[in-house]
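For reference, the structure discussed in these notes is given below.
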Amino acid sequence: MFALVDCNNFYVSCERVFNPGLNGRPVVVLSNNDGCFISRSNEAKALGLPMGGPAFRFRKTLEAHRVALYSANFALYGDMSSRVMNTLAALAPSMEVYSIDEAFLDMTGFERIGLETYVRSIRHRVRRDTGIPVSIGLAPTKTLAKLANRMAKKNPQFEGVCILPDREAARRAMASMEVGDVWGIGRRHTEFLNLNGVRTALDLADAPPAWVRKHLHITGARVQAELNGDSCLPLELVRPPKQSICTSRSFGSAVTDEAALGQAVAHFATKCALKLRGEGELAALVTVFICTSPFEQKHRRYYGTRTASLLLATQDTLAIVRAAAAVLGDIFKPGLSYKKAGVILGGLAPVAATELRQASFFDPEPLQVQETSSKLMQALDAVNSRYGQGTLRIAADAGTGWKQRQEKLSPHYTTSWDDIIEVRVDS
DNA sequence: TCTGGGGTCCTAGGACCC
DNA sequence: TCTGGGGTCCTAGGACCC
């Protein structure tokens, strides 16, 4: 049996842990740039504020009901997430951390204690130790556990826990669920399935397998098998290494200036390089993209992107920033209002394989230079991890020609001493 | 005026190898 | 008149997830 533990309204719940006055009130957390709703309390959902809805379109509702607004505080949410995951890790023999607010647990063997009793105790423990409310779905496959979790959230009478122990229980639950709410069935497939008379999860489970395989491909076939109790998706106990690393941002106001765009790209490349070293990987490909607003009616959208191959895979910030700057020069078109830019690293390989790395015939940098670079990066990371990111940075990343909007940011309660002191003084 | 960020997997087609 | 079989790698596009 798999349990899916999912934090309720996770980002809002994190804000509430440190500000209990928010309980019972409508609360929303906004995306970067304070643009869209990315987490809503139940009270906010009841007001009709949609997931992903742009905040400016709902200003009247937000004001009329005095909805509490927060800028996304990912430092806080990431730290709260690890508290939740650490708590869960102690309560099951194995666990897969599926996302910032979800984990699958292996519940094999707990039948002897009584699954429901045990799962309720997990729920209580997480609430007690972290302050975060969770819902739990339990079933013989991951896809059915997701479905059970959704049932637990939708129906208050379940009190946060829903178990689908056998085929009959699963079929009853599937009959009441729209096919588009099944894990792995997105908007396009929902449209296609509805057109073909497949409306509920049960309809999909009972559809001819060859037809599903043909139109929804191998991933859809797996979903169908899982709905029928045939487990195809095992717990992934160790996170596989990343295949790409991306840093991108929308700008608070449009950027037209090439120099300002260059500062943003240098900043994103720097962040990517830091993440890359954190993963213990080297990158061989650097992609840069810049684009104008997709919502702008008057002008056609420009989306410029290009990838550069590095002669030798690296994790050196300077080399990656240099490569990114060169790519930017290729795709920059003057006279446009840029709304977003980003850097993506690809061709990743573990540092551990460095000795096996194929050197380049044309490589201008001998091995000694690479060793120097590695020491420089270690020093850079040591200074910044002690005194704060950005304390020591390269000149290209020093400018402020681009900015994000972030007007309602809560303190970094769990990751910054300065922010805790600020709270004490304020109150 | 104002609309997020970061990923994965699958398929098909092209180019290439022996 | 007739032209094989078995592969890999790369890229673009589509679909999905949170």
Side-chain angles (χ1 to χ4, degrees), chain A residues 4-7 9-11 28-39 49-60 62 69-74 77-78 81 96-104 142-143 146 149-150 179-193 213-223 232-233 236 239-254 268 271-272 275-276 279 284-285 287 289 291-298 301 303 305-307 309 337 339-348 404-408:
Chain A
L4 175 64
V5 182
D6 191 324
C7 302
N9 313 333
F10 182 55
Y11 299 162
V28 298
V29 173
L30 302 170
S31 62
N32 272 334
N33 256 335
D34 297 345
C36 301
F37 306 130
I38 55 170
S39 181
L49 301 175
M51 186 64 175
F56 74 91
R57 284 223 185 119
F58 296 89
R59 232 185 55 202
K60 277 187 188 150
L62 296 173
L69 299 172
Y70 282 89
S71 301
N73 183 344
F74 291 112
Y77 311 148
S81 172
E96 172 186 341
V97 177
Y98 175 66
S99 75
I100 192 165
D101 71 334
E102 286 170 80
F104 287 102
K142 282 176 153 186
T143 305
K146 282 286 258 188
N149 187 284
R150 200 183 167 83
V179 72
D181 291 333
V182 172
W183 187 40
I185 304 298
R187 232 187 46 230
R188 298 303 297 268
H189 285 333
T190 301
E191 220 171 280
F192 170 81
L193 289 168
R213 175 66 179 85
K214 180 174 175 202
H215 295 285
L216 272 58
H217 309 129
I218 187 68
T219 40
R222 273 189 213 122
V223 170
C232 309
L233 306 169
E236 294 193 12
R239 183 172 65 74
K242 283 191 198 300
Q243 298 178 28
S244 65
I245 289 175
C246 173
T247 305
S248 72
R249 291 289 180 276
S250 297
F251 303 130
S253 51
F268 303 152
K271 285 202 141 184
C272 278
K275 292 182 195 173
L276 185 67
E279 293 284 318
L285 301 171
T287 302
F289 68 87
C291 54
T292 56
S293 169
F295 303 106
E296 173 71 59
Q297 302 293 327
K298 278 174 286 186
R301 184 169 197 216
Y303 187 97
T305 178
R306 183 164 294 180
T307 302
S309 303
S337 293
K339 220 19 212 163
K340 181 176 179 177
V343 173
I344 306 166
L345 301 181
L348 306 188
Q404 283 190 83
R405 238 194 335 272
Q406 215 176 31
E407 289 166 358
K408 321 265 185 188

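Letters A, B, ... mirror the listed sequences (proteins, then strands); counts begin at 1.
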**OP:** Counting heavy atoms from C-beta on, name the nucleotide in dC18(C), dG7(B), dC10(B) closest to the side chain of Ser99(A).
**Re:** dC18(C)
Original post:
When the distance from CZ of Phe268(A) to C1' of dG6(B) is rounded to whole Å, what number comes out?
Top reply: 13 Å
Original post:
Any side-chain N or O of Lys146(A) less than 4.0 Å from the OP1 or OP2 oxygen of dC17(C)?
Top reply: no
Original post:
Between dA15(C) atom P and Leu216(A) atom CG, what is the distance in whole Å?
Top reply: 11 Å
Original post:
Under the 3.5 angstrom rule, does the side chain of Ser71(A) hit a backbone N or O of Lys408(A) as a donor-acceptor pair?
Top reply: yes
Subject >> Lys271(A) atom NZ, neighbour heavy-atom count above 12 within 6.0 Å >> reply: no
**OP:** Select from Ser293(A) and Pro240(A) the residue whose nearest nucleotide in DNA chain B is closer to the 5' end of that strand.
**Re:** Ser293(A)
**OP:** Give Val29(A) one of three labels, base, sugar-phosphate or nothing, depending on what nucleic acid heavy atoms sit under 4.0 Å from its own.
**Re:** nothing
Original post:
How close or far is atom C1' of dC16(C) from atom CD of Glu102(A), stated in whole angstroms?
Top reply: 14 Å
Original post:
Should the pair Phe37(A) and Phe58(A) be assigned to parallel (<30°), tilted (30 to 60°) or perpendicular (>60°) ring geometry?
Top reply: tilted
**OP:** With heavy atoms under 4.0 Å as the rule, sort Tyr98(A) into base, sugar-phosphate or nothing.
**Re:** sugar-phosphate
**OP:** Could you work out which one of dC17(C), dC2(B), dT11(B) sits closest to the side chain of Trp183(A)?
**Re:** dC17(C)
Original post:
Does NZ belonging to Lys275(A) count more than 12 external heavy atoms closer than 6.0 Å?
Top reply: yes
Original post:
What does Arg59(A) touch in the nucleic acid at a heavy-atom separation under 4.0 angstrom: a base, only the sugar-phosphate, or nothing?
Top reply: base
Original post:
Can you check the Leu285(A) CG to dC10(C) C1' distance for me, whole Å?
Top reply: 11 Å
Original post:
For Phe56(A) and dT1(B), are the ring centres under 5.5 Å apart with planes inclined under 30°?
Top reply: no
Original post:
Asp101(A) has a side chain; which of dG5(B), dG7(B), dC18(C) sits nearest to it?
Top reply: dC18(C)
**OP:** Check every strand shown and say whether Ile185(A) touches a base, only sugar-phosphate, or nothing at a heavy-atom separation below 4.0 Å.
**Re:** sugar-phosphate
Subject >> Residue-phosphate contact under 4.0 Å: Gln404(A) side-chain N/O, dG4(B) OP1/OP2 >> reply: no
Original post:
Given the rule in the salt bridge (charged side-chain N to carboxylate O under 4.0 Å, His left out) test, do Arg239(A) and Glu279(A) qualify, once you have shown the distances and angles that lead to the verdict?
Top reply: CA-CA 11 Å; Arg239(A) 183 172 65 74; Glu279(A) 293 284 318; 3.1 Å; yes
Original post:
Which is true for Ile100(A) with a 4.0 Å heavy-atom rule: it touches a base, it touches only sugar-phosphate, or it touches nothing?
Top reply: nothing
Original post:
How long is the line joining NE2 of His189(A) and C1' of dC10(B), in whole Å?
Top reply: 10 Å
**OP:** Rounded to the nearest angstrom, tell me the gap between atom NZ in Lys214(A) and atom C1' in dT11(B).
**Re:** 15 Å
Original post:
OP1 or OP2 of dG5(B) sitting under 4.0 Å from any side-chain N/O of Thr247(A)?
Top reply: no
**OP:** Round to the nearest Å and state the distance from His217(A) atom NE2 to dA12(B) atom P.
**Re:** 6 Å
**OP:** Describe, in one word, how the ring planes of Tyr303(A) and Phe289(A) are oriented to each other, choosing from parallel (under 30°), tilted (30 to 60°) and perpendicular (over 60°).
**Re:** parallel
**OP:** Have a look at Arg249(A) and say if it touches a base, only the backbone sugar-phosphate, or nothing, with a 4.0 Å heavy-atom cut-off.
**Re:** sugar-phosphate
Original post:
Is the phosphate of dT1(B), meaning OP1 or OP2, less than 4.0 Å from a side-chain N or O of Ser253(A)?
Top reply: no
Original post:
Between dT11(B), dG4(B), dT3(B), which nucleotide gets closest to the side-chain atoms of Ser31(A)?
Top reply: dG4(B)
Original post:
How close or far is atom P of dC2(B) from atom CD of Gln406(A), stated in whole angstroms?
Top reply: 18 Å
**OP:** Return the 5'-most residue of the pair Ala254(A), Cys246(A) with respect to DNA chain B, ranking by each residue's nearest nucleotide.
**Re:** Ala254(A)
Subject >> Any Lys339(A) side-chain nitrogen or oxygen under 4.0 Å from OP1 or OP2 of dT3(B) >> reply: yes
Original post:
Should Arg222(A) be listed as having a side-chain N or O under 4.0 Å from OP1 or OP2 of dC10(B)?
Top reply: yes
**OP:** If the plane angle is over 60° it's perpendicular, under 30° parallel, otherwise tilted; pick one for Phe251(A) and Phe268(A).
**Re:** parallel
Original post:
So what does Ile245(A) touch, heavy atoms closer than 4.0 Å: a base, only the sugar-phosphate, or nothing?
Top reply: sugar-phosphate
Original post:
Which nucleotide in the list dG4(B), dT3(B), dT8(B) gets nearest to the side chain of Ile38(A)?
Top reply: dG4(B)
Original post:
With a non-hydrogen cut-off below 4.0 angstrom, is Lys275(A) in contact with a base, only sugar-phosphate, or nothing?
Top reply: sugar-phosphate
**OP:** Check every strand shown and say whether Asn32(A) touches a base, only sugar-phosphate, or nothing at a heavy-atom separation below 4.0 Å.
**Re:** sugar-phosphate
